[in-house]
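Keep in mind the model is a prediction, meaning the values are calculated, not measured. When a ligand or atom number is given, it counts from 1 through the structure's own listing order.
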Amino acid sequence: MSFTILTDLKVSGKKVLLRCDLNVPIKDGVIGDDGRIRASLPTIKYLIENGASVVIMAHLGRPKNGPAPEFSLAPVAHRLGDLLGTPVVFSSQVVGGETDAKKAALKSGEVLLLENVRFEASETSKDDGERKDLAEKLTKTMDYFVSDGFGAVHRKHASVYDVAKILPHAAGFLVAAEIDVLRKLSVNPERPYGVALGGSKVSDKIGVIKNLLGKVNVLAIGGGMLFTFLAAQDHEIGRSLVEKDLIDDVKNLLEEAKKIGVHILLPSDIVVAPTFAIDATPTIVKADAIPADQIGLDIGPESAAAFAAALVQCKTVFWNGPMGVFEFPNFAHGTKTVAQALTEVSGISVVGGGDSAAAIRKLGFNDSQFGYISTGGGASLEYLEGKSLPGIEVLENA
Ligand code: ADP
Ligand code: MG
């Protein structure tokens, strides 16, 4: 399996349709963490410097009923222009007269960002014909498609999948780098191989846990989802987060682990509090003795140290999902300890997931302390689940 890389295309003087993931948090028109915009820069810069005219498609959030100002990419056009050091033309439409005119006027080395591609209902349609119609409008007058929106490659969407059926295409630098890292995690990873999973929901991650179970040497579970594991072992979990409908699935998973001799590392102590609040008073309790009126908000210090010790001796480590409610300083210790362990790994360490990446930055770590920070939570997880990613499959050369 291989695909054409951006550097294999002769882009000079060509019109390149580029999919990026510019889905950044925006509140009242102000951009929060712009990591995804920054991660898109190498490909955009390469295209500009090599004389292409660049038309960027991207999405923001999940608009349900067509255009809505809070989902506009206009603020992103400004930030992108600032980061590139060159103005970015913005079209207030995805397709239509304004977009066609701006595409036609675009010169070599110039960049046009289209409005949120999800303002077109066809973008996410299950109907192949509807998506194809939109893809035809998007690709009109374009010479190449470059796929660099890694965070969306697990979606069979018009701007991710169908456009690649129409135009000669290549993977951008970000997609190529992400896939390269995921392959390292999946095909003969250097051992020991350790995985730490946390975050809020078991439902997001149970597929990955199942698929990785027989492949890893260390599997540590923290975050909000650990309480579904404790509940599956018939422990009291107080008022902690739990997905009751998954308790049976988790029971089966624990059985399966036992059968194949894999030790799932679960916390031995928990930091609890009476309320879900930034100023709630933390107390450390044993994992099998959570008081009925308390909420578990972090793994305890003993568990954090045990997780760190197990991970640090691994040669390949993948971490997705904060170990606790790191947004509250009193409950950030577990996440910080695991992040610290990743910075000390002698082999490859990979951080996946939007909140996990935000957590390490908020907790004062530097991106460069980690082997790789993935931009795509869902896409990475689906890859590690063993699912095929439509936006990658469509790029692959037969
Ligand atoms: P990622 O984006 O890295 O994949 P998730 O979206 O799955 O991570 O989960 C991140 C969220 O999980 C964070 O906002 C964090 O506060 C929350 N979380 C972690 N531990 C707990 C807990 N014990 N109870 C409730 N929420 C938790
Ligand atoms: Mg998240």
Side-chain angles (χ1 to χ4, degrees), residues 21 23-25 32-33 35-36 61-62 150-152 154 178 182 195-209 212 220-231 235 237-243 246 266-267 269-278 280 282-285 287 290-291 294-301 303-304 307 317-339 342 349-363 365 367 370 372-385:
D21 176 9
N23 188 23
V24 290
D33 182 30
R36 282 179 166 160
R62 295 183 178 197
F150 180 72
H154 56 317
E178 295 268 7
L182 287 168
V195 172
L197 295 172
S200 44
K201 287 185 178 162
V202 191
S203 45
D204 285 348
K205 285 160 197 175
I206 194 153
V208 177
I209 302 175
L212 289 178
I221 307 278
M225 67 182 198
L226 81 89
F227 301 99
T228 304
F229 279 75
L230 294 182
H235 294 311
I237 55 162
R239 290 155 49 230
S240 309
L241 205 66
V242 65
E243 284 172 272
L246 285 177
L266 284 165
D269 58 346
I270 304 287
V271 185
V272 300
T275 51
F276 188 94
I278 192 158
T283 310
I284 299 161
V285 299
I290 297 176
Q294 301 277 309
I295 311 170
L297 296 179
D298 194 11
I299 59 173
S303 312
F307 282 19
V317 178
F318 174 67
W319 167 43
N320 176 287
M323 292 292 119
V325 184
F326 72 92
E327 295 92 336
F328 302 159
N330 282 342
F331 307 97
H333 176 79
T335 303
K336 198 166 186 176
T337 307
V338 165
L342 260 81
S349 61
V350 181
V351 181
D355 290 294
S356 309
I360 57 171
R361 291 174 190 138
K362 186 175 155 82
L363 297 175
F365 293 94
D367 287 18
F370 301 87
Y372 192 78
I373 301 174
S374 174
T375 54
S380 316
L381 289 174
E382 290 201 11
Y383 187 101
L384 293 174
E385 261 181 65

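Here's the thing with Gly224: one of its N/O atoms is less than 3.5 angstrom from an N/O atom of ligand 1.
In summary, the atoms of ligand 1 found under 4.0 Å from a heavy atom of Gly353, numbered by their order in the structure, are 1 (P), 2 (O), 3 (O), 4 (O). Atoms of ligand 1 lying under 4.0 Å from at least one heavy atom of Asn320, given by number and element, are 4 (O). Heavy-atom proximity to Phe227, at under 4.0 Å, picks out these atoms of ligand 1: 23 (N). Close approach of ligand 1 to Asp355 is summarised as follows: ligand atoms under 4.0 Å from at least one heavy atom of the residue are 1 (P), 2 (O), 3 (O), 5 (P), 6 (O), 8 (O), 10 (C). When each atom of ligand 1 is checked for a heavy atom of Gly321 under 4.0 Å away, the hits are 3 (O), 8 (O). Near Gly296, the atoms of ligand 1 lying under 4.0 angstrom from a non-hydrogen atom of the residue are 22 (C), 23 (N), 24 (N). Taking a cut-off of under 4.0 Å to the non-hydrogen atoms of Ser356, the atoms of ligand 1 that pass are 1 (P), 3 (O).
At the top of the distance list for atom 27 (C) of ligand 1, counting protein heavy atoms only, stands Val325 CG2, 3.6 Å. Protein heavy atom in closest approach to atom 8 (O) of ligand 1: Pro322 CD, 3.6 Å.
A donor-acceptor contact shorter than 3.5 Å is absent between the side chain of Asp298 and the backbone of Val271. Remark: side-chain polar atoms of Ser303 are not paired, donor with acceptor, to backbone N or O of Pro267 under 3.5 angstrom.
Distances from ligand 1 to the non-hydrogen atoms of Gly324 include at least one value under 4.0 Å. Distances shorter than 4.0 angstrom occur between a heavy atom of Lys205 and an atom of ligand 1. Put simply, no part of Lys201 is less than 4.0 Å from ligand 1, judged by heavy atoms.
Looking at Met225, Met323, Glu327, it is Glu327 that brings a heavy atom closest to atom 13 (C) of ligand 1.
Sorting the N, O or S atoms of Asp355 by how far they are from the Mg ion (ligand 2) puts OD2 first.
Between Leu212 and Leu384 the shortest heavy-atom distance is CD2-O, 4.3 Å.
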